[in-house]
S.K.: 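Sharing a structure, written as C-alpha cells. Questions coming.
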Amino acid sequence: MFSPYRCQICGETYLGSDAPDRCPYCGAHGRWMMGAAEWVKTGKVEMSEQSYEDCMKAIQLEVGNAAFYKCAQKNAQTQVTQAIFKRLQKQEAEHAELLAEMAGVEEPDLPDEDCAGNDDAQNLADAHDREQRAIQFYLQVADRAPEKRVQEVFRALADIESEHLKISNIYR
Ligand SMILES: [Fe+2]
Ligand SMILES: [Fe+2]
C-alpha cells in the first residue's frame with residue numbers, strides 16, 4: 001500500500017509502497033523508518049554543556065564534509081563517483097540540519113571547502129579519513145552523553161558514517 005513513512009532520526013518523510021531500506025535523506029537504517037502515525041516528535045533537546053559543545057563541533061564537521069563532497073561531486077570523473085559524492089553531500093547536509101534542530105540553533109551555511117579537484121581516487125581517500133574521524137568522534141559523544149536522544153542520534157550517525165566509509169573503500 002502506498003503510505004507515508006517518517007525517519008525517527010532526521011524527521012524527513014517518505015511516501016512509498018514500502019518503508020525504504022535506508023532513510024533517503026539522512027541514510028539512517030530502515031529500522032528507524034516509522035509509519036507516519038507511529039513517529040515520535042523529538043525536536044530540541046535540553047542538554048548538558050558537554051553535549052551542546054559536542055553538537056556544535058559535530059555540526060561544523062558535517063557542514064565541512066558536505067562542502068567537501070559538493071566539491072568532489074562537481075569534479076567527479078565518472079557517473080559512479082558523481083552518484084556517490086552527490087548523495088553523501090546531501091546526507092551530510094541533512095546531518096548538520098538534524099543536529100542543529102536537536103541543539104536548537106540555526107544551521108550554518110556550507111563553508112568554502114576544498115577537495116582534490118578531479119582526482120577521484122584522492123577524494124575517496126580523503127572521504128575515508130573524514131568519515132573515520134566522524135565515526136570516532138560520534139561514538140565518543142554517544143558514550144559520554146547523558147541524554148538518551150543524543151546517544152541515539154550519535155549512534156545512528158556513527159552507523160551511517162560507517163556505511164559512507166564502506167562505500168569510499170569499495171570504490172577507491
Ligand atoms: Fe554525516
Ligand atoms: Fe558521512
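Whatever order the structure lists them in is the order used to number ligands and atoms, beginning at 1.
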S.K.: Apply disulfide bond (SG atoms under 2.5 Å apart) to the pair C115 and C71, showing each step before the final yes or no.
M.R.: CA-CA 6 Å; C115 61; C71 171; 2.0 Å; yes

S.K.: State the count of protein N/O/S atoms located less than 2.8 Å away from the Fe ion (ligand 2).
M.R.: 5

S.K.: Quick one: CG on L110 to CD on E62, what's the gap to the nearest 0.5 Å?
M.R.: 11.5 Å

S.K.: For N169, what residues pass the side-chain contact (heavy atoms from CB on, under 4.5 Å) criterion, not counting sequence neighbours?
M.R.: H128, L165, R172

S.K.: Applying side-chain contact (heavy atoms from CB on, under 4.5 Å), can you list everything that pairs with Q89, at least two apart in sequence or on another chain?
M.R.: Y69, K70, Q73

S.K.: Please enumerate all residues that pass side-chain contact (heavy atoms from CB on, under 4.5 Å) together with D159, with sequence neighbours excluded.
M.R.: R31

S.K.: Can you check whether G30's main-chain N or O pairs, donor with acceptor, with D21's side chain at less than 3.5 Å?
M.R.: no

